[in-house]
Structure formats: structure tokens, C-alpha cells
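Every chain is numbered from 1, with letters handed out A, B, ... down the list of sequences.
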Amino acid sequence: MTCYTLGAWKNINKIKIENIQKHLNLWYEKNHRKLPWRETNNPYYIWISEVMLQQTRVDTVIPYFLNFINKFPNIESLAYAHEEEVLKMWEGLGYYSRAKNLHRGAKVIVEDFNGNMPDTLEEIKKIPGIGPYTAGAILSIAYGKRAAAVDGNVMRVFSRLFYIKEDIAESKTRKEMEKIGGHVVSPQNPSFFNQGLMELGALICTPTSPKCIACPLFLECSAKSLGVQETLPIKKKKPKVKTVEVEMAIVYKKKKLLIMKRSTQGLLANLWAVPATERELNFENGKSIRLELEENYGMKVTEGKFQFEKKHIFTHLKWKMKIYFFKLIEESPIDDPEIKWILHDEIEKYVFPTAFMKILKEIESIKADEVCKL
DNA sequence: AATCCGGGGCC
DNA sequence: GGCCCAGGATT
């Protein structure tokens, strides 16, 4: 059995490739899950679903997809929407720049492509938020074109199928995988083939304990024949998790709660939140949230009352959140549209990331009487 | 090439 | 608590 190191994919036996194409397409046709975006070839639906599925599980995406296409049924309706509306539909899904790019992308399609999703690689790559994977997925699934659509699942399948030991965290390996994807994709049905690879990765060729006994490519799999399927793919880079202490201010003016928009850059950019300061743990150089409110907004508040602590884990970041309650003493002299005082039942009008939504939900259960006693 | 950007499920 | 992700943009 061959080990296909860098560049050796050109030597993959032609019969082996044809067998893989035949077995995989038949398996996909018979065994694929019925999902909302698989009911159609509409390029718009395929686009939305593929972007939502980036780094996100199918079960999470389904309700978001249905709500999204209900609210924005076509490219025009998305292009003419306000960004706030688009973000609202994305609330809780994470990686919010995906929603902003989707919105920008719809505008580009309306302005530069006459409102139709382009069907060539060259044009489709001009749309913000569409990279190599999403481009290939749209071309093959919506337009039946012979294009590679290589994501994490496909790299795992390839690494086992062809016994590839290169580190899939490296970009040269990813590029190599894309070449393999373009080389082996079925000319008969590129859509079934690409979706078949991903479905196989999701259902059979799973990261841990792959179900080889049920795999349609059992006989073609190099790793399985050597019994090394569990050791692949090889992925070396490990991001370090940084812990950050975050002070959050729950400020009340009577029964109204203070919220403000986060900065236009960085984590959770441009989304609504309660005022917060971040500082790296073990460094005492941060200002307290109370001082920030006074210096940045000229807002005087009572001494903070520590309420509770909570953790929130992002991919490479751990937030240790300390939540303090304050009462307003003196209004800010600045009239800033990005500062608002809202009643609790108004929080659904604004877009809050999950980390803050959890806090707001906990706050809600604390009685107003208690706040007034501060 | 390295870094940033969420969130949830699983063990 | 640590692991896994159906990536793309920016620097």
C-alpha cells in the first residue's frame, strides 16, 4: 500500500480513483441525511448554508438556516437589508464577520453580477467571505461543476484514504489536499462526490473511532489496510489558551439597564454588550470598570457591588468574568448613539453575543427590588 | 506563515 | 477541563 507524500498524489492509481468515485457516489445517494439545504440546488441557499457550516455543526445550523432564508429569501432581500437585521439573524452563531461578509457579498452580487451568483471560480472568489472551500462547494453543489471542495472533514478522509502523513495544520498541506480534491472529484456527479466526502467524514470517517466496518471505501483505504486510521490525520499546531479577567458593569438608572456597542475592531466587534474591561491575568495594570465609566464617559456611579463570577470559553481565550452592579449617580454629559438605557424586555431588539446574553439572562432573575437596595 | 475570530458537543 | 471542529480575512 502506497504512502502518498507531498506531490505523489499524481500517482494514485486510476482504477482506484474510479472505484472511489463509484462507491462514494452510490453510498451518498443512498445514505445522506436529509437537510434543508439539500432540497434544492439554488446557489443562494447553498451559499448561505456553506457559510453557516464553516466551523459550525449541522444541528446548530439548521434552525439558523431556516430562519435566515425565511427572513431573506433571495440575494436581493439580503443586499437591501440593514446590517443590524442580518446580525440579528446571526445572533448566537458566532464568527460574526461571516454575517457581515455575507451581507457585503450580496451587495457585490447585485452590483457586479446582475444579482446572480456567478458560476466561475474566478468571479465567485471576488465575493467577500468566499474562499477556496466555499467556492468549490457552490460550484460543485449548485452548478455541478468539477471543483475541489476541501474542508477539515475531507482532509481527514484523504489523509486516511491515501495515507498522507503531512501536517494538515500547514497551509502547503492544505493546498496539496485541494489539488487532490480537484484530481479525484467525480466527473459524473461532482456534487454527490464532494458532499459524499463530507458526509463520510461526518458519519463514518469520524475524528475518533471511525466506523470503518460501515465505510463504502473500506477496500480502498490505505490507512485501514495498515490499521493506522486512528492515528490520522496528523495535526500539530496547538493554540495556547490565554486567560483574561473581565470586569462587567451592570449599571441601572431606575429600572433601565446600560448597554453600549463594542469597538469596531477585535473580539465581538460592533455588537451590543454591557460595559466591560479586559485585562490579562497576573497583570495589575488594568483600570477598574468604575474608573473606565467615569474617565471615558463622564458617568458617575455608586460603589460597585460584586454580584457573581462566571467563565466563558472562546476558542483561544478564556474569560473570567466578574460582574458588578452599580447605580447611576450622574448622567454622562456626552450624547452617544452607541450608549443606550433599556428595559429588560428590550434586550431582544439588540444583537448580543452569547457570552453577554448568558449574563443578561442571569441578571433578569434578580429582582428589581434588590437592585434598588444598592 | 501566523494570528484572529464563537460556540457547542463530546469524552 | 481539554478535545474536536463543514474556513476566511488580515497582517
**Message:** Can you confirm whether the side chains of A:Ser186 and A:Asn189 place a donor and an acceptor under 3.5 Å from each other?
**Reply:** no
**Asked** Which part of the nucleic acid does A:Thr134 contact within heavy-atom distance under 4.0 Å: base, sugar-phosphate only, or nothing?
**Response** sugar-phosphate
**Request:** Describe the nucleic acid contact of A:Lys235 in one word from base, sugar-phosphate, nothing, applying a heavy-atom distance below 4.0 Å.
**Result:** sugar-phosphate
**Request:** Return the value, rounded to whole Å, for the distance between atom CG of A:Leu317 and atom C1' of B:dC5.
**Result:** 10 Å
**Request:** Would you mind telling me which of C:dG2, B:dG8, C:dA6 lies closest to the side-chain atoms of A:Asp151?
**Result:** C:dA6
**Prompt:** Does one side chain, of A:Thr56 or A:Arg98, offer a donor that lies under 3.5 Å from an acceptor on the other?
**Reply:** yes
**Message:** At 4.0 Å (heavy atoms only), tell me whether A:Ala137 reaches a base, stays on the sugar-phosphate, or touches nothing.
**Reply:** nothing
**Item:** Pair A:His312 + A:Phe314: ring centers closer than 6.0 Å
**Value:** yes
**Phosphate-side-chain proximity, A:Lys311 and C:dG1, N/O vs OP1/OP2 below 4.0 Å** = yes
**Message:** Under a 3.5 Å threshold, yes or no: a donor from one side chain and an acceptor from the other, between A:Thr173 and A:Asp167?
**Reply:** no
**Message:** Under 4.0 Å from OP1 or OP2 of B:dG7: is there any side-chain N or O of A:His312 that close?
**Reply:** yes
**Prompt:** Between A:Tyr95 and C:dA9, does any side-chain N or O lie under 4.0 Å from OP1 or OP2?
**Reply:** no
**Request:** Ignoring backbone atoms, establish whether A:Thr56 has a side-chain N or O less than 4.0 Å from OP1 or OP2 of B:dG7.
**Result:** no
**Prompt:** For A:Gly201, which contact category applies under a 4.0 Å heavy-atom criterion: base, sugar-phosphate, or nothing?
**Reply:** nothing
**Asked** How many Å lie between NZ on A:Lys236 and P on C:dC4, as a whole number?
**Response** 15 Å
**Item:** Distance in angstrom units between A:Asn101 CG and C:dG8 P, rounded
**Value:** 11 Å
**Asked** Can you check the A:Lys310 NZ to B:dG7 P distance for me, whole Å?
**Response** 13 Å
**Complete:** Whichever of A:Thr208 and A:Lys175 has the more 5' nearest nucleotide on DNA chain B, that residue is A:Lys175
**Touch class at under 4.0 angstrom, heavy-atom based, for A:Arg262 against every strand present** = nothing
**Asked** Do the rings of A:His32 and A:Phe192 sit parallel, tilted or perpendicular, given the 30° and 60° boundaries?
**Response** tilted
**Message:** Base, sugar-phosphate or nothing for A:Arg104? Non-hydrogen atoms, less than 4.0 Å.
**Reply:** nothing
**Message:** Applying a 4.0 Å non-hydrogen cut-off, can you work out what A:Val58 is touching in the nucleic acid: base, sugar-phosphate, or nothing?
**Reply:** base
**Request:** Whole angstrom is fine here: how far is it from NZ in A:Lys242 over to C1' in B:dT3?
**Result:** 11 Å
**Asked** Taking OP1 and OP2 of B:dC10, is either one under 4.0 Å from a side-chain nitrogen or oxygen of A:Arg57?
**Response** no
**Prompt:** Is there a side-chain polar atom (N or O) of A:Arg156 under 4.0 Å from OP1 or OP2 of C:dA6?
**Reply:** yes
